[in-house]
Participant: 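Structure incoming, see below.
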Number of protein chains: 2
Amino acid sequence: MASVTTRSTPLPAPWDGVRAQLHDRGLRWTPQRRLLVEVLARTDGHVTAAELLESCRAIDPATIPSTVYRTLDVLEELGLLRHAHGPEGREEYHVLPREEHGHLHCAGCGGRWEIGADDAAALVATLAARDGFAVDLSHLVVVGRCRGCGAG
Amino acid sequence: MASVTTRSTPLPAPWDGVRAQLHDRGLRWTPQRRLLVEVLARTDGHVTAAELLESCRAIDPATIPSTVYRTLDVLEELGLLRHAHGPEGREEYHVLPREEHGHLHCAGCGGRWEIGADDAAALVATLAARDGFAVDLSHLVVVGRCRGCGAG
DNA sequence: GGGCTTGTCGCCACAGTATGCAATAACAAA
DNA sequence: TTTGTTATTGCATACTGTGGCGACAAGCCC
Ligand SMILES: [Mn+2]
Ligand SMILES: [Mn+2]
Ligand SMILES: [Zn+2]
Ligand SMILES: [Zn+2]
């Protein structure tokens, strides 16, 4: 049988550190995880979990959904991903989040924009001061109607 | 066969008007819709779509999921319901929304609170002024950690 | 290299939600 | 009351995501 460990391309930073990060936590570096990491390394911005699964299957059709979903959870714990939910509740991942930001979705045209930390600052501060609540900005999705789409 | 039109209990306001509201729009009053409306009339605050389905099945085990989900959409269009999404993206309905409000969810303990229009005012105003974006406050779910649960 | 430990995979079953389609039934008009 | 129109149902099916479980294999130690 052919060797499975595709020594193909070395991973770019910070993905080349994932193996070590996993080992530090007593977790393992498997072909399935390497495949997803390779896919992620070629992705930037926002992707759906389902899209990532599809990309993996394009390379290895034997890819199992639950393995991908579980690996996404692990990588999120390592801080390499953050997820939020689209207007219909489906998972959307943000790869290599630089500055934390929320998301703005128009229910009319489907347009999407980012919400900067400064835009949310007032809400975050209000909830922190009054309730001691720490908002997870990355997970925040604000739905409504953009200028072009007008009132519902 | 037995008559299906359970003339059982007359519906309380504003549910007693649903039939007329439907007819005004060329839509129909069916036993399936009546059943869900009866369940909703006994519900207050927030419910999951799945919980509503279950409640319907408790009364009529023949209840079909897609019929319930479709009816929920219709009733939301009539303004009798609003929905948002829990932290995992599942649908949560707000029955007979009085004042519009958003939701605050703690990812640690699962605690839930409401966000008043005043709490969100700054964010809403910012997005309206800068982008002409009209926020749907009812659909807003802010996830994070409450005071007791501390930082993640 | 050869074992051991235990994290992970593959598989299955299921929860929750959405959609196309043909058969049915609600409603209104006659 | 009968008929005709067409909204709605039921069904089959698909999609997204979760969780249990036994078989497997990654990594450590010798
Ligand atoms: Mn929604
Ligand atoms: Mn989430
Ligand atoms: Zn728009
Ligand atoms: Zn908490």
Side-chain angles (χ1 to χ4, degrees), chain A residues 1 3-7 18-37 47-57 60-78 81 83-93 139, chain B residues 1-7 18-37 46-57 60-78 81 83-93 110:
Chain A
M1 71 198 91
S3 165
V4 181
T5 40
T6 352
R7 185 56 68 233
V18 174
R19 180 176 189 167
Q21 278 183 268
L22 288 170
H23 285 174
D24 286 351
R25 303 193 173 206
L27 306 179
R28 294 175 188 174
W29 181 240
T30 67
Q32 295 82 354
R33 288 181 176 172
R34 161 179 270 272
L35 173 58
L36 178 55
V37 167
V47 228
T48 282
E51 287 168 352
L52 290 169
L53 168 59
E54 210 185 333
S55 299
C56 285
R57 292 198 128 142
D60 180 358
T63 303
I64 301 299
S66 54
T67 297
V68 170
Y69 289 116
R70 288 189 280 223
T71 301
L72 286 170
D73 289 345
V74 171
L75 295 176
E76 188 163 14
E77 257 158 43
L78 298 186
L81 304 172
H83 86 271
H85 299 267
E88 295 78 29
R90 271 165 229 141
E91 291 188 330
E92 296 192 352
Y93 279 90
H139 197 278
Chain B
M1 69 199 93
S3 165
V4 181
T5 40
T6 351
R7 184 59 65 233
V18 174
R19 179 176 189 167
Q21 279 183 268
L22 289 169
H23 285 174
D24 286 351
R25 304 192 173 207
L27 305 180
R28 294 174 187 175
W29 182 240
T30 67
Q32 295 83 353
R33 286 181 177 170
R34 163 179 267 273
L35 174 56
L36 178 55
V37 166
H46 306 84
V47 228
T48 281
E51 286 167 354
L52 290 168
L53 168 58
E54 211 186 332
S55 299
C56 286
R57 292 198 127 140
D60 180 359
T63 303
I64 301 299
S66 55
T67 297
V68 171
Y69 289 114
R70 286 189 283 223
T71 301
L72 286 170
D73 289 345
V74 171
L75 295 176
E76 187 163 14
E77 258 157 43
L78 297 185
L81 304 173
H83 87 271
H85 299 267
E88 296 79 30
R90 272 166 228 141
E91 290 187 331
E92 296 192 353
Y93 279 89

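Every chain is numbered from 1, with letters handed out A, B, ... down the list of sequences. Just so it is clear, the values below take in all heavy atoms, side chains as well, and ignore hydrogens, waters and symmetry mates.
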Participant: How many angstroms lie between atom CG of A:Leu78 and atom CG of A:Asp73, to the nearest 0.5 angstrom?
Facilitator: 11.0 Å
Participant: From B:Leu52 CG over to B:Thr63 OG1, what is the distance, rounded to the nearest 0.5 angstrom?
Facilitator: 11.5 Å
Participant: Roughly how many Å is it from CG in A:Leu53 to P in C:dG10, rounded to a whole number?
Facilitator: 12 Å
Participant: Taking only residues two or more places apart in sequence, or in another chain, which ones meet A:Tyr93 in a ring-ring contact (aromatic ring centres under 6.0 Å, His included)?
Facilitator: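 Expected list: A:His83.
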Participant: Rounded to whole angstrom units, what separation is found between the NE2 atom of B:His83 and the C1' atom of C:dA18?
Facilitator: 13 Å
Participant: Do the side-chain N or O atoms of B:Gln32 get closer than 4.0 angstrom to the phosphate oxygens (OP1, OP2) of D:dG10?
Facilitator: yes
Participant: Just the rounded figure in Å: distance from P of C:dT6 to CG of A:Leu22.
Facilitator: 18 Å
Participant: Report the distance from atom CZ of A:Arg33 to atom P of C:dG10, rounded to the nearest whole Å.
Facilitator: 11 Å
Participant: If you round to the nearest 0.5 Å, how far is CG of B:Leu22 from CG of B:Leu75?
Facilitator: 7.0 Å
Participant: From CG of B:Leu52 over to P of C:dA15, roughly how many Å is that when rounded to an integer?
Facilitator: 17 Å
Participant: Please confirm whether the backbone N or O of A:Thr48 pairs with a side-chain atom of A:Arg90, one donor and one acceptor, at under 3.5 Å?
Facilitator: no
Participant: Going from CZ on B:Arg34 to CZ on B:Arg19, what distance comes out if it is rounded to the nearest 0.5 angstrom?
Facilitator: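 If we round to the nearest 0.5 Å, B:Arg34:CZ and B:Arg19:CZ are 8.0 Å apart.
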Participant: Roughly how far, to the nearest 0.5 Å, is CZ of B:Arg70 from CG of B:Leu36?
Facilitator: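 Between B:Leu36 CG and B:Arg70 CZ, I get 13.0 Å after rounding to 0.5 Å.
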Participant: Tell me: CD1 of A:Ile64 to P of D:dC24, nearest whole Å?
Facilitator: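 Rounded to whole Å, this separation is 15 Å.
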Participant: Quick test: give all pairs of protein nitrogen or oxygen and nucleotides 17-21 of chain D nitrogen or oxygen below 3.5 Å, distance rounded to 0.1 Å.
Facilitator:
unit_1, atom_1, unit_2, atom_2, d
D:dG17, OP1, A:Glu91, N, 2.6
D:dG17, OP2, A:Tyr69, OH, 3.1
D:dG20, O6, A:Arg70, NH1, 3.3

Participant: Could you grab the distance from atom OH of B:Tyr69 to atom CD1 of B:Ile64, nearest 0.5 Å is fine?
Facilitator: 12.5 Å
Participant: Collect all protein-nucleotide pairs involving nucleotides 26-30 of chain D in which both atoms are nitrogen or oxygen and the distance is under 3.5 Å.
Facilitator:
unit_1, atom_1, unit_2, atom_2, d
D:dA26, O3', A:Trp29, O, 3.4
D:dA26, N3, A:Arg28, NH1, 3.2
D:dG27, OP1, A:His23, NE2, 2.6
D:dG27, OP1, A:Trp29, N, 2.9
D:dG27, OP1, A:Trp29, O, 3.4

Participant: Expressed in angstrom and rounded to an integer, what is the separation of B:Arg25 atom CZ from C:dC27 atom C1'?
Facilitator: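 In whole Å, C:dC27 C1' lies 18 Å from B:Arg25 CZ.
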Participant: How long is the line joining CD of B:Glu54 and C1' of C:dA15, in whole Å?
Facilitator: 11 Å
